Amino acid sequence: FTSEPHLGAEVLAASINGDRNHTIAVIVSDRRYRIKDLKDGEVAIYDDLGKVVILKREEILVDAKDSPVTVQSGSKVTIKAPEVLVDAANSTFTGNIKAAGEIEDKKGTMSAMRSTFNSHTHNGGYRPDQTM
């Protein structure tokens, strides 16, 4: 962890072997931006703009306020969870999407649409007799 504190931040400094030429900052904190109401054992990283990462008792909270969040890896990113919820107005994927399970929307599943498509007939017209 590293930071560039604002003027007015508080620091606890120690001089190694009492030598003031070898003083190091042990703790730097700024009560103007400090997160309050943490429960026993919780840990937080925060800045002066309100962005926080809190290891809470019941969850890990990352609040970026109005800033974008980037997870970058030169390899693979894996999320292991019984359920993942993406609550976004829009989602964009720049690559292919693969699913080992079912894909579903408000109207039904992709396998049901495929089944309807594969068994549809036109009975001489240009429109299928079955709807998807």
Side-chain angles (χ1 to χ4, degrees):
F1 177 78
T2 186
S3 68
E4 181 67 31
H6 284 287
L7 287 175
E10 300 160 313
V11 63
L12 172 63
S15 297
I16 307 301
N17 292 325
D19 181 0
R20 289 186 182 235
N21 291 321
H22 193 180
T23 302
I24 60 170
V26 180
I27 300 172
V28 178
S29 184
D30 199 325
R31 68 179 73 202
R32 297 172 293 185
Y33 310 108
R34 186 176 299 138
I35 298 170
K36 296 171 179 53
D37 301 323
L38 291 176
K39 294 178 183 171
D40 288 351
E42 292 183 338
V43 177
I45 300 172
Y46 59 94
D47 72 0
D48 61 321
L49 300 175
K51 295 188 289 284
V52 298
V53 175
I54 305 175
L55 305 181
K56 298 173 78 66
R57 296 326 268 161
E58 63 280 349
E59 68 178 326
I60 297 174
L61 172 67
V62 177
D63 187 347
K65 296 298 179 200
D66 293 323
S67 300
V69 176
T70 301
V71 175
Q72 187 170 336
S73 171
S75 182
K76 176 169 72 171
V77 175
T78 301
I79 299 172
K80 290 188 177 189
E83 184 175 349
V84 175
L85 169 68
V86 176
D87 185 359
N90 297 295
S91 298
T92 302
F93 298 86
T94 58
N96 298 326
I97 298 174
K98 295 180 183 180
E102 189 64 77
I103 297 175
E104 183 176 353
D105 67 6
K106 294 184 276 188
K107 298 274 187 171
T109 65
M110 195 163 217
S111 61
M113 287 190 323
R114 189 174 288 113
S115 178
T116 300
F117 176 81
N118 289 339
S119 65
H120 85 278
T121 58
H122 289 261
N123 289 332
Y126 68 92
R127 297 182 66 184
D129 298 324
Q130 301 80 14
T131 60
M132 298 196 359

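In this chain, residues are counted from 1 in sequence order. Predicted model, so just to flag it, every value in this text is computed and none were measured.
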Hydrophobic cluster membership, I103 vs M113, 4.5 Å side-chain cutoff: yes
field: Joint cluster assignment, I60 & V43, ILVMFWY side-chain distance < 4.5 Å
entry: yes
message: Any heavy-atom pair between the side chains of R57 and E42 that's under 4.5 Å?
response: yes
task: Return the minimal non-hydrogen interatomic distance between E102 and M110, and the atom names on each side.
output: OE2-N, 3.5 Å
message: Taking atom CZ as the centre, does R31 end up with more than 12 heavy-atom neighbours from other residues, nucleotides or ligands that are less than 6.0 angstrom away?
response: no
field: Residues in ring pair (Phe, Tyr, Trp, His ring centres under 6.0 Å) contact with H122, at least two apart in sequence or another chain
entry: H120
message: If I take atom CD1 from residue I27 and atom CG from residue L12, how far apart are they, to the nearest 0.5 angstrom?
response: 5.0 Å
task: Working to the nearest 0.5 Å, report the span between OG1 of T70 and CD of Q72.
output: 7.5 Å
- prompt: Between R32 and A9, which heavy-atom pair has the shortest distance, and what is it?
  reply: NH2-N, 3.9 Å
message: Let me confirm one number: the NZ-CG distance from K51 to D66, rounded to the nearest 0.5 Å.
response: 9.5 Å
field: Path from Y46 to L38 over hydrophobic side-chain contacts below 4.5 Å
entry: yes
- prompt: N17 side chain to D19 main-chain N or O, any donor-acceptor pair under 3.5 Å?
  reply: no
- prompt: Distance from L49 atom CG to D47 atom CG, nearest 0.5 Å?
  reply: 4.5 Å
query: Given side chains that start at C-beta, do those of V86 and S91 come closer than 4.5 Å, heavy atoms only?
result: yes
- prompt: Just how far is it from atom CD1 of I45 to atom CD1 of I35, taken to the nearest 0.5 Å?
  reply: 9.0 Å
query: Would you find a donor on one side and an acceptor on the other, under 3.5 Å apart, between the side chain of S115 and the backbone of S111?
result: no
- prompt: What do you reckon, is NZ of K80 surrounded by more than 12 foreign heavy atoms closer than 6.0 Å?
  reply: no
field: Heavy-atom side-chain proximity of D30 to D48 below 4.5 angstrom
entry: no
